[in-house]
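The chain is numbered in sequence order, starting from 1.
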Amino acid sequence: MADKKTTPTSTTQKSITKAEGEEIVQKFQQLRNEQRSLMAKISELEQDLNEHKIVIETLQDVSPERKCFRMVGGVLVERTVTEILPALVNNKEQLTKVIDSLNVKLVSKGKEVNEYRAKHNIKIRGQDDPPQTPSDSSPASANQGVLVSTKS
């Protein structure tokens, strides 16, 4: 998916072997893929939540005895608005709770990715380098790192 390249340096005190560099990049890529997966799932659930809101708003304006159809496990079921509306409201509440918990997981995964990136001095091509503080400008830490390319 993404072209990753490591650049170990020989002038540093602690040199990274090619295998170690590849392992670091693979772990970093795995963390980023997990983060992307969480974002995709949140997006999908937010779409479902919006659909539930639209259906609930629509059903509140119609007669409670009116027939309506609902897809349950791939089977279309005929019910009345009175039977379906409470289930939809409950599903909407559950979706909201799941989205909130996934957002918490996404934030923690983002922190984990950033910590891993900082720990292994990973630089991503195409992104600006963060401003360096005076403590980061020591020769040993400035020459060591892993270069990551995000070409899709």
Side-chain angles (χ1 to χ4, degrees), residues 1-8 14 16-133 135-136 141-142 144-152:
M1 177 189 287
D3 181 30
K4 305 286 180 209
K5 295 187 179 177
T6 60
T7 55
K14 180 182 173 188
I16 298 174
T17 66
K18 186 174 182 176
E20 289 171 339
E22 289 174 2
E23 183 178 323
I24 290 170
V25 170
Q26 286 177 343
K27 173 69 174 171
F28 181 70
Q29 186 62 33
Q30 177 188 1
L31 289 172
R32 287 182 52 153
N33 286 339
E34 290 171 3
Q35 189 179 28
R36 284 187 196 110
S37 173
L38 280 172
M39 289 189 307
K41 190 63 175 175
I42 289 171
S43 178
E44 176 187 334
L45 290 175
E46 284 176 343
Q47 276 185 316
D48 287 349
L49 181 64
N50 287 334
E51 290 175 8
H52 274 72
K53 287 178 182 178
I54 291 169
V55 171
I56 289 169
E57 288 173 9
T58 303
L59 289 179
Q60 286 176 339
D61 296 337
V62 299
S63 167
E65 297 305 315
R66 184 172 175 176
K67 280 195 274 184
C68 62
F69 296 90
R70 180 175 184 205
M71 185 74 71
V72 178
V75 177
L76 197 58
V77 180
E78 181 181 339
R79 301 276 189 235
T80 63
V81 172
T82 308
E83 297 171 333
I84 298 259
L85 200 55
L88 286 174
V89 171
N90 184 34
N91 283 355
K92 184 184 115 182
E93 291 170 359
Q94 296 300 320
L95 282 171
T96 303
K97 289 177 185 176
V98 171
I99 290 170
D100 290 342
S101 71
L102 287 177
N103 278 324
V104 169
K105 286 182 183 179
L106 181 64
V107 168
S108 68
K109 186 60 70 177
K111 288 178 183 176
E112 184 180 351
V113 167
N114 288 337
E115 289 170 1
Y116 191 82
R117 184 175 169 190
K119 177 183 175 186
H120 295 288
N121 195 20
I122 297 174
K123 296 182 180 8
I124 300 175
R125 287 187 191 167
Q127 288 187 354
D128 294 332
D129 290 332
Q132 289 189 351
T133 59
S135 63
D136 288 275
S141 66
Q144 178 182 359
V146 178
L147 181 62
V148 179
S149 174
T150 57
K151 294 180 182 177
S152 296

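- Rounding to the nearest 0.5 angstrom, the gap separating the NZ atom in K41 from the OG atom in S37 is 8.5 Å.
- A donor and an acceptor atom, one from each side chain of N114 and R117, are nowhere located under 3.5 Å apart.
- Proximity of a side-chain donor or acceptor of T58 to a complementary backbone N or O of I54 within less than 3.5 Å is detected.
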Would you sort out whether E51 and D48 count as a side-chain contact (heavy atoms from CB on, under 4.5 Å), showing the intermediate values? CA-CA 5 Å; E51 290 175 8; D48 287 349; 4.2 Å; yes
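- If you check the side chains of N90 and K92, you find no donor sitting under 3.5 Å from an acceptor.
- Scanning all heavy atoms of the two residues, the minimum distance from G74 to M71 falls at C-SD, 3.4 Å.
- The shortest distance between side-chain heavy atoms of E65 and V81 does not fall below 4.5 Å.
- Annotation: the span from I56 atom CD1 to D61 atom CG amounts to 12.5 Å, rounded to 0.5 Å.
- L76 is not listed as a side-chain neighbour of R70, based on a closest heavy-atom distance of 4.5 Å or more.
- Sorted by first and then second residue, the ring pair (Phe, Tyr, Trp, His ring centres under 6.0 Å) pairs with a member in residues 33-64 form an empty list; sequence neighbours excluded.
- Interatomic distance, N33 CG to Q26 CD, rounded to the nearest 0.5 Å: 11.5 Å.
- Taking CG of L95 as the start and NZ of K97 as the end, the distance is 11.5 Å to the nearest 0.5 Å.
- Annotation: the span from I24 atom CD1 to H120 atom NE2 amounts to 5.0 Å, rounded to 0.5 Å.
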Test side-chain contact (heavy atoms from CB on, under 4.5 Å) applied to F28 and I124, step by step: CA-CA 11 Å; F28 181 70; I124 300 175; 3.8 Å; yes
Using the side-chain contact (heavy atoms from CB on, under 4.5 Å) rule, take K18 and E22 through it: C-alpha gap first, then chi angles, then the decisive distance, then the call. CA-CA 6 Å; K18 186 174 182 176; E22 289 174 2; 3.3 Å; yes
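- Residue E23 qualifies as open at atom CD: its count of foreign heavy atoms under 6.0 Å is 12 or below.
- Partners of E46 by side-chain contact (heavy atoms from CB on, under 4.5 Å), not counting sequence neighbours, listed by chain and number: I42, I99.
- Residues L31 and Q29 have side chains not in contact (no heavy-atom distance under 4.5 Å, counting atoms from C-beta outward).
- Taking CZ of R79 as the start and NZ of K67 as the end, the distance is 13.0 Å to the nearest 0.5 Å.
- Here the side chains of I84 and T80 are not in contact, with every heavy-atom distance at 4.5 Å or above.
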Test log, rule side-chain contact (heavy atoms from CB on, under 4.5 Å), inputs V104 and D100: CA-CA 6 Å; V104 169; D100 290 342; 5.8 Å; no
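- For residues 54-81, the set of pairs meeting the ring pair (Phe, Tyr, Trp, His ring centres under 6.0 Å) definition, not counting sequence neighbours, is empty.
- Between Y116 and E112, the closest side-chain pair of non-hydrogen atoms is not below 4.5 Å.
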